[in-house]
Amino acid sequence: MTSTETTDQAPRYVRVKIELIAEITDEGALKAAALEAVTADEYLDDEERAQSVEAIEVDPSGSLAHFIDPVALLGDVPGVELASATWESAQTEFDPDSEEWDEYQVDESAE
């Protein structure tokens, strides 16, 4: 059997962890774009839309979450189907010049 043939094996699930640190250079533009995206989102019901708008108003740094699309990350990968996805955005401390910052450091407590 070649690796491209299907088998009767149980599905294999893979957890992919991605951490991004984005610099917000124009909070007003991000907030306005997030509000526009929420308003135009046809999949949100009125309650979800109201909660999203409130969250953007309270913490504009959370606006970035409205532009994260895990389906787009895996959409064109053959033989893979997105089973579940969660994501969030939150303000964080970051100093790229600090020796304490190591982008390859594994946070064991998050496991």
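Each residue takes its place number in the sequence, starting with 1. This structure is a prediction, so every number in the text was calculated from the model and none was measured.
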Value rounded to 0.5 Å, distance of CD in E93 from CG in D95: 9.5 Å
CG-CG distance between L64 and L20, expressed to the nearest 0.5 angstrom: 8.5 Å
Criterion side-chain contact (heavy atoms from CB on, under 4.5 Å) on I18 and L73, from CA distance to verdict: CA-CA 11 Å; I18 299 172; L73 288 173; 4.2 Å; yes
Crowding at CD, E48 (>12 non-hydrogen neighbours, <6.0 Å):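 Yes, the 6.0 Å shell around CD holds more than 12 heavy atoms from other groups.
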Neighbour count >12 (heavy atoms, 6.0 Å) for atom CG, D46: no
Contacts under 3.5 angstrom, residues 83-90 side chains, donor-acceptor by atom type, not counting sequence neighbours:
{"residue": "W87", "atom": "NE1", "partner": "A65", "partner atom": "O", "Å": "3.0"}
{"residue": "S89", "atom": "OG", "partner": "S61", "partner atom": "O", "Å": "3.4"}
{"residue": "S89", "atom": "OG", "partner": "G62", "partner atom": "O", "Å": "3.3"}
{"residue": "S89", "atom": "OG", "partner": "A65", "partner atom": "N", "Å": "3.4"}

hydrophobic_cluster_shared for Y43 and F67, side chain cutoff 4.5 Å: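 Different hydrophobic clusters.
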Sole residue of D76, V77, L82 in side chain to side chain contact (heavy atoms under 4.5 Å, CB included) with V80: V77
Residue that, paired with S52, satisfies side chain to side chain contact (heavy atoms under 4.5 Å, CB included) out of L35, L44, T39: L44
Nearest heavy atoms of A34 and H66, plus distance in Å: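 Looking at all heavy atoms of both residues, the closest pair is CB-CD2, 4.3 Å.
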Stepwise side-chain contact (heavy atoms from CB on, under 4.5 Å) check, L30 with E27: CA-CA 5 Å; L30 176 60; E27 192 171 290; 5.7 Å; no
